[in-house]
4 protein chains.
Amino acid sequence: MSLQREGKFDRILDAAIEAIAESGFHQCQVSKIARLAGVADGTIYLYFKSKEDILIRLFQSRMGEFIASIRNELEHCQTTEARLRTIVRTHFSYMEHNRSLAIVTQLELRQPNLSVRLAINGPLLDYFRLIEEVIQQGIEREEVPKIDVWVARQMIFGSLDEATTDWVLARSPRTLESGIEPMLALFEGALRLRKEYEYNRFTPEEKREEDGNANS
Amino acid sequence: MSLQREGKFDRILDAAIEAIAESGFHQCQVSKIARLAGVADGTIYLYFKSKEDILIRLFQSRMGEFIASIRNELEHCQTTEARLRTIVRTHFSYMEHNRSLAIVTQLELRQPNLSVRLAINGPLLDYFRLIEEVIQQGIEREEVPKIDVWVARQMIFGSLDEATTDWVLARSPRTLESGIEPMLALFEGALRLRKEYEYNRFTPEEKREEDGNANS
Amino acid sequence: MSLQREGKFDRILDAAIEAIAESGFHQCQVSKIARLAGVADGTIYLYFKSKEDILIRLFQSRMGEFIASIRNELEHCQTTEARLRTIVRTHFSYMEHNRSLAIVTQLELRQPNLSVRLAINGPLLDYFRLIEEVIQQGIEREEVPKIDVWVARQMIFGSLDEATTDWVLARSPRTLESGIEPMLALFEGALRLRKEYEYNRFTPEEKREEDGNANS
Amino acid sequence: MSLQREGKFDRILDAAIEAIAESGFHQCQVSKIARLAGVADGTIYLYFKSKEDILIRLFQSRMGEFIASIRNELEHCQTTEARLRTIVRTHFSYMEHNRSLAIVTQLELRQPNLSVRLAINGPLLDYFRLIEEVIQQGIEREEVPKIDVWVARQMIFGSLDEATTDWVLARSPRTLESGIEPMLALFEGALRLRKEYEYNRFTPEEKREEDGNANS
DNA sequence: CATGAATGAGGATTCATTCAT
DNA sequence: TATGAATGAATCCTCATTCAT
């Protein structure tokens, strides 16, 4: 029963992503989502409080997965460089492999609507915190000089977000993933990242390990 | 006559900025803008094609001014560092001194609506081009290594935009202008900016000049 | 379900006839029709595409019934005289017994609006064809000399229509039905109708039969 | 001055006929009429009370001319046949030579609007009276049996009107004037018109005179 | 007389949401 | 749980008319 519930919940969420990506949140009627999900209009309201709630829960659910998967990958990273690389790579490839979701995230979720913004804030602040932790850790590990963590986070998230929006709007014909290395290089410069091998040149085993991660 | 026309055009635009910033574009009735501007509802439509057209022309007009003023200031800059500083400083202080406009720009203009996006694209691409020109010039002047100009622009604009949105949403209690120096430091690192005095250490007079500019 | 649907469709149509006859099509708000029909405003749009569509479907529906009932009565007529009488009598009595509909038909449906005219044309041409068939048949049966069928139809329909409009506008205090016999006499003269008894004076049984029909 | 006044009055009227015929009364903005007439919007209101007043005065003016010209021609007619012929011929050829006016008369003037109808009624009743007089005179001169004058007028006007509307709507490819003779034949039959030569076969001079008129 | 910029009333329609079944 | 027919709130825009010049 609960499984069936979740089945329908996710079916509606998936239908919503496609429908909203296709026609936009306002243009997309609840009845279209219902049709795509194979349920009656009224059934939507057994799982979601409102149309807006679909958008919010959609973001919370997918963004939660996204952050969890980054956190998981970060576990295996030894260096700040590797951590940054993980963030950039995961951000770009996740978006590139979920274009409909990216459209919703980059365009439709930018609703000037207060309640949407507030609800979105939660997962977004989680992501911000994650980025800030990586920077903070870099500072503590002395890979990064004492910089303004808040502003650095703005830079990192803002850059990733802008690149993703550019790609969604097809402002350039490039793939999103082709931006990983150049973006990473900028971040490393911005953070004055001292690479492991630069100061740890006598512990080549660490370096190798890290290289492996970096190239994966 | 034409003067009066322009007077009314701008009065409506100013009224729209306040009204939209206060209640949001969709929630804000045309009659509210008319009331604020001190004209009849119908008069709006002598100057604008539609409610949406107000939003579009608003952005085009104010963003045009903004870009023109940056371009003007850039004329007087001798170094890439000074140019970057001009961009960051002008961006942040313009927004901080026009909070209602910033709200409209950062929140209301992010309409997922296609025709709005298309109309907004023009001035936005102008701004992108301006940033890219600064970077390109830096490369040509060998102040900046050969980097990916497109991605660097994404970083710079994305960072400024995210910082502005953070400030508008009051995600932090900081002023926007307090972010100028830290953000600039990040950009300089990202671009591996070779400062004038580093390689021109024998022409200290230039350095002083540039410093003066930077502190203005 | 479908029965309820039809029930509501007709209730809206009846409400529309009353409301439009009372205040005119343009003056009559959709919400007034909804109120009269006992449904919500939005419900109207489950059954009709637009306010104009109500007017069109109204004519198609009622004019369809009207033509069908004439066609049905014509089946039992043996002579052209009887057929003409059926047309005149049915036209006048139908209108006289449905004054609101007549008002809509004679006044409101004369919208100079193209899409209304086009939609109305269908049933109207049906009626024209019906009249022309009666005349043509009269010619073939040699009750009527070879006249211009098209012009004869114009005369018959034009006369009936004008008389109905006169009555609707109360240009005379007469009842519409009091015009049946005089109008019929004119038509018979116009068509030089050779009455049955004139050339069939030796088959009085036919005459009687036809008289019976004519007076029914 | 008064001449100039009339000049402008008529220019506006002519502009209105073209504009209304082209786009319909409701679709045709006052400013379009003003542009066509070469005057400012406000000037219209120096000559007409309202937009509706244009329509009304237009009909009164042109219909007045039309009726006057028929009355004038009727003066020279000796027989009812000649008079009927004059009415049919003048009606059809006037309309055929003034198509824009015909469009306005047959379509746009059929406004379900009460004040328009009332104002139109005047000239229309004049025309009705004119027709009725011809019939009445026919009865008095014993060219026509004692028939219902009111209904006969309905038939005559209704037929002419319907034929004109058919032509305006291009329901048939025929010219309007090709309907003169067939229509006249129908009217003569309807009125049981005793032609002069039938009962005056001993006064051939009258007959000749009338023939001449009839063929003109 | 002439202008034309300014006025402001007025209503069809959509679609998220409900609730009887 | 699931349905889907019914609900009804909420607003942009047009354009005839005015009146200061």
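Throughout, protein chains are lettered first and strands after them, A, B, ... in sequence-line order, and every chain is numbered starting at 1. Source: prediction; values computed, not measured.
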Comparing nearest nucleotides in DNA chain F, the 5'-proximal residue of the pair E52(B), I44(C) is I44(C)
Hey, is the main chain of E108(A) close enough, under 3.5 Å, to the side chain of R110(B) for a donor-acceptor pair?
-> no
If you check the K51(C) side chain, which of dA5(E), dT13(E), dT7(F) turns out closest?
-> dT13(E)
Name the residue closer to the 5' end of DNA chain E, choosing between V30(A) and G42(D) according to the nucleotide with the nearest heavy atom.
-> G42(D)
For H26(C) and for A40(D), locate the closest nucleotide of DNA chain E by heavy-atom distance; then report the residue assigned to the nucleotide nearer the 5' terminus.
-> A40(D)
With a 4.5 Å limit on heavy-atom distance, are the side chains of Y45(C) and D53(C) in contact?
-> no
Measure from the side chain of Y45(C), starting at C-beta and using heavy atoms only, and say which of dT13(E), dT18(E), dC13(F) lies closest.
-> dT13(E)
Rounded to the nearest Å, what distance is computed from the CZ atom of residue F25(D) to the C1' atom of nucleotide dA16(F)?
-> 10 Å
Is any side-chain N or O of Y47(D) closer than 4.0 Å to OP1 or OP2 of dA2(E)?
-> yes
Separation of dT3(F) atom C1' from R35(A) atom CZ, nearest Å, is 16 Å
Separation of I54(D) atom CD1 from dC15(F) atom C1', in whole Å?
-> 13 Å
Counting side-chain heavy atoms from C-beta on, which of dT7(E), dA6(F), dA2(E) comes nearest to L46(B)?
-> dT7(E)
Look at the side chain of K51(D) and the backbone N and O of Q29(D), then say whether any donor-acceptor pair between them is shorter than 3.5 Å.
-> no
Nearest-Å distance, NZ (K32(B)) to C1' (dC13(F))?
-> 20 Å
From CG of D41(D) across to P of dC19(F) the rounded distance in Å is 16 Å
With both distances under 3.5 angstrom, what nucleotide forms a Watson-Crick or G-U wobble pair with dT17(E)?
-> dA6(F)
Interatomic distance where CD belongs to Q27(C) and C1' belongs to dA12(E) [whole Å] = 15 Å
Closest to the side chain of T43(A), out of dA2(F), dA6(F), dC13(F), is dA2(F)
Under 3.5 Å, is there a donor-acceptor pair between the K8(D) and T43(D) side chains?
-> no
Side chains of V168(A) and M95(A): does their closest heavy-atom pair fall under 4.5 Å?
-> no
For K8(D) and dA2(E), is the shortest distance between a side-chain N/O and OP1 or OP2 below 4.0 Å?
-> yes
Can you figure out which of dC12(F), dA12(E), dA16(F) approaches the side chain of Q29(D) most closely?
-> dA16(F)
In whole angstroms, the gap separating P of dG8(F) from CD1 of I33(C) amounts to 17 Å
Side chain of V39(B) - closest among dT7(E), dT1(F), dT13(E) = dT7(E)
